[in-house]
Chemist: 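I'd like to ask some things about the structure below.
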Amino acid sequence: MTATETPGPLPTVPLRPRPVPSGEAVARATAFHETMARRRTVREFDTRPLPEGVVEWAVRTAATAPSGAHVQPWRFVVLTDPERRRRLREAAEAEEREFYGRRASEEWLTALAPLGTDAEKPFLEQAPAVIVVFEVHKGPRTPRPYYVKESVGIAVGLLLASLHQAGLATLTHTPSPMRFLNEVCDRPPEERGAYVIPVGYPAPGVRVPDLTRKPLEEVMVRL
Ligand code: IYR
């Protein structure tokens with residue numbers, strides 16, 4: 001066995017900043033906030049197809065996320081084939097029936113009641129695409145990742161932001177447990193399903209719960 005050599009630092013390249021004049025910074029941040037504040041989780045989708053290439057660009061954006069030791073421990077499986085999405089729905093609903101019928105505590109069900117969710121997941125077939133996001137753990141073909149949940153969580157945030165600003169709606173669905181996703185998506189065991197994200201145009205006239213977001217004073221502390 002040979003001792004592992006500690007690699008030296010990578011060569012460097014110039015940062016390629018996109019400078020924003022300081023007088024424009026607040027206007028830019030406000031405009032981005034106005035866009036993002038209108039993102040809502042949508043549970044009913046139009047079946048019309050997505051513009052060619054939009055998912056690919058969103059995944060490229062997601063994959064710009066920072067990651068522990070730059071291991072980039074993510075895989076994005078894009079399901080558009082109706083038969084795959086039917087299998088996904090069938091397996092997800094089987095888990096969800098267990099969740100709603102037995103596994104979830106009364107407290108958890110009470111917290112979910114205002115959102116009106118249940119074990120039926122028609123959106124997995126309605127939406128023209130479903131992105132299944134996997135964490136990539138150490139395996140025969142993959143290095144040990146660090147801060148996997150944080151890295152993949154940041155990537156998913158960027159994915160949702162990209163799709164939203166392109167005019168598409170998403171739903172962050174987290175069936176539990178998620179092992180069935182390996183089989184449905186043909187992924188090896190070192191990959192672990194983390195998010196199931198239907199993507200599409202919202203169904204015409206769709207309504208969403210009248211939620212409010214916590215104001216800045218409640219979410220930010222200045223010291
Ligand atoms: N995974 C279930 C339950 C669920 C849990 C939470 I926390 C939510 O915010 C919404 C749903 C489901 O998808 O129905």
Side-chain angles (χ1 to χ4, degrees), residues 36-47 55 58 62 74-135 137 147-164 168-185 187 191-203 206-215 218-219:
M36 292 313 300
R38 292 176 68 159
R39 186 202 57 76
R40 291 297 311 263
T41 288
V42 161
R43 294 174 193 279
E44 291 157 68
F45 293 87
D46 201 304
T47 52
V55 167
W74 39 64
R75 177 91 58 222
F76 300 88
V77 177
V78 181
L79 304 181
T80 49
D81 173 48
E83 173 55 20
R84 267 305 160 166
R85 286 182 294 122
R86 193 196 59 74
R87 280 168 56 199
L88 174 68
R89 176 180 179 182
E90 201 170 290
E93 288 182 340
E95 292 293 359
E96 295 294 356
R97 278 193 290 274
E98 276 292 300
F99 173 83
Y100 284 94
R102 304 145 70 100
R103 273 204 313 271
S105 62
E106 278 306 309
E107 189 181 30
W108 195 339
L109 292 175
T110 304
L112 289 178
L115 300 177
T117 59
D118 59 27
E120 299 298 309
K121 304 298 174 194
F123 47 74
L124 295 174
E125 288 192 275
Q126 251 171 18
V130 178
I131 306 176
V132 184
V133 185
F134 287 80
E135 300 170 352
H137 291 264
Y147 298 103
V148 185
K149 292 208 179 300
E150 294 82 350
S151 305
V152 175
I154 297 168
V156 167
L158 295 177
L159 182 75
L160 300 186
S162 173
L163 292 165
H164 171 67
L168 296 170
T170 55
L171 162 57
T172 316
H173 172 48
T174 51
S176 159
M178 302 210 201
R179 266 298 166 196
F180 72 89
L181 293 170
N182 288 73
E183 198 188 316
V184 174
C185 299
R187 301 314 305 165
E191 298 190 12
R192 297 187 203 154
Y195 303 83
V196 175
I197 306 176
V199 184
Y201 290 100
V206 72
R207 297 178 68 85
V208 293
D210 184 13
L211 301 178
T212 52
R213 292 186 168 122
K214 291 180 180 177
E218 215 177 306
V219 299

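Indexing begins at 1, ligand by ligand and atom by atom, following the structure's order. Model, not experiment: these values are computed from the prediction.
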Chemist: Find all atoms of ligand 1 within a distance of less than 4.0 Å from any non-hydrogen atom belonging to Lys121, and give their numbers and elements.
Modeler: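 Those of ligand 1 that fall under 4.0 Å from Lys121 are 12 (C), 13 (O), 14 (O).
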
Chemist: Enumerate the atoms of ligand 1 whose separation from the nearest heavy atom of Phe99 is less than 4.0 angstrom.
Modeler: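 Matching atoms, with element in brackets: 3 (C).
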
Chemist: State whether Arg86 and Glu125 are salt-bridged, where the test is any N-O pair (Lys NZ or Arg NE/NH1/NH2 against Asp/Glu carboxylate O) under 4.0 Å.
Modeler: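 Between Glu125 and Arg86 there is no salt bridge, as every charged N stays at least 4.0 Å from the carboxylate O atoms.
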
Chemist: Quick check for you: to the nearest 0.5 Å, what is the distance between Glu44 atom CD and Leu171 atom CG?
Modeler: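 Taking CD in Glu44 and CG in Leu171, the distance rounds to 11.0 Å.
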
Chemist: Does any N or O atom in Thr117 lie less than 3.5 angstrom from one in ligand 1, N or O only?
Modeler: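 For ligand 1, there is no N or O atom that lies under 3.5 Å from one belonging to Thr117.
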
Chemist: When rounded to the nearest 0.5 angstrom, what distance separates SG in Cys185 from CZ in Arg75?
Modeler: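 One finds 11.5 Å between SG of Cys185 and CZ of Arg75.
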
Chemist: What are the atoms of ligand 1, with element, lying closer than 4.0 Å to any heavy atom of Leu112?
Modeler: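 Within the 4.0 Å cut-off of Leu112, ligand 1 contributes 3 (C), 4 (C), 5 (C), 6 (C), 8 (C), 9 (O), 10 (C), 11 (C).
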
Chemist: Relative to the heavy atoms of Thr174, which atoms of ligand 1 are at a distance of less than 4.0 Å?
Modeler: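 This gives 1 (N) as the contact atoms.
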
Chemist: Where do Arg89 and Glu120 come nearest, in terms of heavy atoms and distance?
Modeler: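 Of all heavy-atom pairs spanning Arg89 and Glu120, the closest is NH2-OE1, 4.1 Å.
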
Chemist: Between Tyr100 and ligand 1, is there a nitrogen or oxygen pair with a distance under 3.5 Å?
Modeler: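 The answer is yes, given that Tyr100 and ligand 1 share an N or O pair closer than 3.5 Å.
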
Chemist: Within a radius of less than 6.0 Å around CZ of Arg38, do more than 12 heavy atoms belonging to other residues, nucleotides or ligands occur?
Modeler: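 Atom CZ in Arg38 is not crowded, with 12 or fewer foreign heavy atoms closer than 6.0 Å.
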
Chemist: Charged N to carboxylate O below 4.0 Å: is that the case for Arg87 and Glu90?
Modeler: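 Judged by the 4.0 Å cut-off on N to carboxylate O distance, Arg87 and Glu90 do not form a salt bridge.
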
Chemist: Using a plain distance cutoff, I'd like to know if Trp108 has any nitrogen or oxygen under 3.5 Å from a nitrogen or oxygen of ligand 1.
Modeler: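 No, there is no polar N/O contact under 3.5 Å.
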
Chemist: What residue and atom, counting heavy atoms only, is the protein's closest point to atom 2 (C) of ligand 1, and at what distance?
Modeler: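 In this structure, atom 2 (C) of ligand 1 has Glu96 OE1, 3.1 Å as its nearest protein heavy atom.
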
